[in-house]
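Any value given below was found using the heavy atoms of this structure, including those in side chains, with hydrogens, waters and symmetry copies removed.
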Amino acid sequence: MRRNDGTKLKFLLIPGYPALSLISSLETLQCYNTLAKNDYYSWVISSSKDDPVSSTLGDILSSNEGPEEDDFDVLVVVSGLNVEYHMENAVLNAVRAAGRRGCIVLGLCTGGIVLAKSGVMDGRDIAIHWKYKHLVEEMFLNVGFAKTPYCFDGKFGSTAGGIVAIDLMMKLIEQDHDEAWADAVAHYLSYTPVRALNQKLDTSLPNRMSVQNPTVSKVLSVMEANIEDPLDSASMAKIAGLSNRQIERLFRQFLGRTPAAYYLELRLAKARDLLIQTDMCVTEIALASGFQTSSTLSRRYKEKYGVTPSMVRQGIGRP
């Protein structure tokens, strides 16, 4: 149940959490308090392990309660890279318990993965950092992948990382109060232009964002959507409405490589993510990455990264 005199948030920090996401959230909430001249929003900092939990910037905030405490209205899970190694049962149970109590549950950066792992996001979409897109698609079949920087359905929400935490907190402010208050906070933070951009930004294809040619961008989108079952060059050219030679010339001009070479890089990148982030066997990863056999994947993988998938599983050649 939400309290009548304000909203209390519990920030659950996972080792390696992004300091930017946490501080952006706290500053946004404090901004509302400043403008409204009250302390409507309050919060506690909780850690998933023994205090202190280090962020991307080291130890910046100390926790003042453990993950099992339940005096809050909103649970915010904040995590970053290597989240797959830090999803202990205590954390997952805390997320499930918050959901059962009717609390709002939010995930910042890779916090959406923690929510997905706990099961509370089944049938819902999560926004997630593009680096973890393949993990979400392969490991959480009941969870959708949002192509926007953040999503919030009134009860569950998530972000793709960075300062987009501001947007999610402003949606919470809008729900608690109204859109005018959210706009006032955005204006106070000089965030309005970025906020408008974030509503339209597609975060699913980081490479496509920097390509200035619409045809190349369209082909990249097609490649991203067809990694498990790669299309041949003729099919891609037909979709783009150009000849194979024209497509190749554009790729060389804007990406410095042929479409086939770039397509292979995308597939190998997916294989690399799955090797590092999941416990899928190499054969499953090969099929998910568009390779007919594990031996083909191993050969191509070694050509690209200098190690085989089996060596990566042994801890050799990990980033």
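Shortest non-hydrogen contact noted between D229 and Y263 is O-OH, 4.5 Å. Here the closest non-hydrogen pair linking A240 and V219 is CB-CG2, 3.9 Å. Considering all non-hydrogen atoms of both residues, A98 and F72 come closest at CB-CE1, 4.0 Å. The shortest non-hydrogen separation linking R267 to G290 is NH2-O, 2.7 Å. Heavy-atom minimum distance, P149 versus V164: O-CG1, 3.4 Å. For the pair A182 and I173, the tightest heavy-atom approach, listed with the atom from each and the gap, is N-CG2, 4.1 Å.
Counting heavy atoms from C-beta outward, L220 and F251 have side chains that approach closer than 4.5 Å. Residues L231 and I239 have side chains in contact (heavy-atom distance under 4.5 Å, counting atoms from C-beta outward). Residues V114 and L12 form no side-chain contact, since every pair of their non-hydrogen atoms from C-beta on lies 4.5 Å or further apart. You'll find the side chain of R272 stays beyond 4.5 Å of the side chain of K304, heavy atoms only. Two residues are said to be in side-chain contact when any heavy atoms from C-beta on lie closer than 4.5 Å; V307 and K302 fail this criterion. Under the 4.5 Å side-chain criterion, counting only non-hydrogen atoms from C-beta, F152 is not in contact with D167. The side-chain heavy atoms of V91 and H86, taken from C-beta on, include no pair separated by under 4.5 Å. Between L297 and L268 there is a side-chain heavy-atom pair separated by less than 4.5 Å.
The hydrophobic cluster containing L287 does not contain I227, counting ILVMFWY residues as joined when their side-chain heavy atoms lie under 4.5 angstrom apart, directly or transitively. M280 and F145 fall within a single hydrophobic cluster, where Ile, Leu, Val, Met, Phe, Trp and Tyr side chains are chained together by heavy-atom contacts under 4.5 Å. Hydrophobic clustering (side-chain heavy atoms under 4.5 Å, transitive across Ile, Leu, Val, Met, Phe, Trp, Tyr) groups Y40 together with L168. Hydrophobic clustering of Ile, Leu, Val, Met, Phe, Trp and Tyr side chains at less than 4.5 Å, counting indirect connections, unites L189 with L29.
If you take CE on M170 and OG on S25, they are separated by 11.0 Å, rounding to the nearest 0.5 Å. Here the straight-line distance linking atom SG of C31 with atom CD1 of I166 works out to 9.5 Å at 0.5 Å rounding. Taking CG of L255 as the start and CG of L250 as the end, the distance is 9.5 Å to the nearest 0.5 Å. From R101, atom CZ reaches atom CD1 of I104 across 12.0 Å, with rounding to the nearest 0.5 Å. With rounding to the nearest 0.5 angstrom, the OG atom of S289 is 9.5 Å from the OH atom of Y301. Taking CG of L264 as the start and CE of M223 as the end, the distance is 10.5 Å to the nearest 0.5 Å.
Geometrically, R299 does not engage F291 in a cation-pi contact defined by less than 6.0 Å to the ring centre and at most 45° from the axis.
A donor-acceptor pair under 3.5 Å links the side-chain atoms of K270 to the main chain of A288, judged by distance alone. At least one donor-acceptor pair under 3.5 Å links the side chain of S118 to the backbone N or O of L115. At distances below 3.5 Å, at least one donor-acceptor pair connects side-chain atoms of T34 with backbone N or O atoms of Q30. Looking at N89, its side chain never comes within 3.5 Å of a backbone N or O of L92 through a donor-acceptor pair.
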Expected list for residues 154-162: side-chain donor-acceptor pairs under 3.5 angstrom, two or more places apart:
from: S158; atom 1: OG; to: A127; atom 2: N; distance (Å): 2.8
from: T159; atom 1: OG1; to: C109; atom 2: N; distance (Å): 3.0
from: T159; atom 1: OG1; to: G161; atom 2: N; distance (Å): 3.3

Query raised in the report: Step by step, would you call I163 with L20 a side-chain contact (heavy atoms from CB on, under 4.5 Å)?
Result: CA-CA 6 Å; I163 59 173; L20 180 59; 3.7 Å; yes
Report task. Applying side-chain contact (heavy atoms from CB on, under 4.5 Å), run through D153 and R124 and close with a yes or a no. Result -> CA-CA 9 Å; D153 64 7; R124 292 182 166 92; 2.9 Å; yes
Query raised in the report: Could you go step by step and tell me if L108 and L22 meet the side-chain contact (heavy atoms from CB on, under 4.5 Å) rule?
Result: CA-CA 8 Å; L108 303 185; L22 175 62; 5.8 Å; no
Report task. Using the side-chain contact (heavy atoms from CB on, under 4.5 Å) rule, take V216 and Q253 through it: C-alpha gap first, then chi angles, then the decisive distance, then the call. Result -> CA-CA 10 Å; V216 175; Q253 177 183 349; over 6 Å; no
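Each of I126, V95, N142 was compared with M121 under the side chain to side chain contact (heavy atoms under 4.5 Å, CB included) criterion, and only I126 meets it. Just one of N33, D176, T7 meets the side-chain hydrogen bond (donor to acceptor under 3.5 Å, both in side chains) condition when paired with Y41; it is D176. The only option from L81, V77, V83, V78 that meets the side chain to side chain contact (heavy atoms under 4.5 Å, CB included) definition with T110 turns out to be V83.
For Q292, the CD atom is loosely surrounded, since the number of other residues' heavy atoms within 6.0 Å does not exceed 12.
Judged as a side-chain hydrogen bond (donor to acceptor under 3.5 Å, both in side chains), and not counting sequence neighbours, the contacts of Y32 are H177.
Salt-bridge formation is not detected for the pair E248/R245: no Lys NZ or Arg NE/NH1/NH2 atom is positioned less than 4.0 Å from an Asp or Glu carboxylate oxygen.
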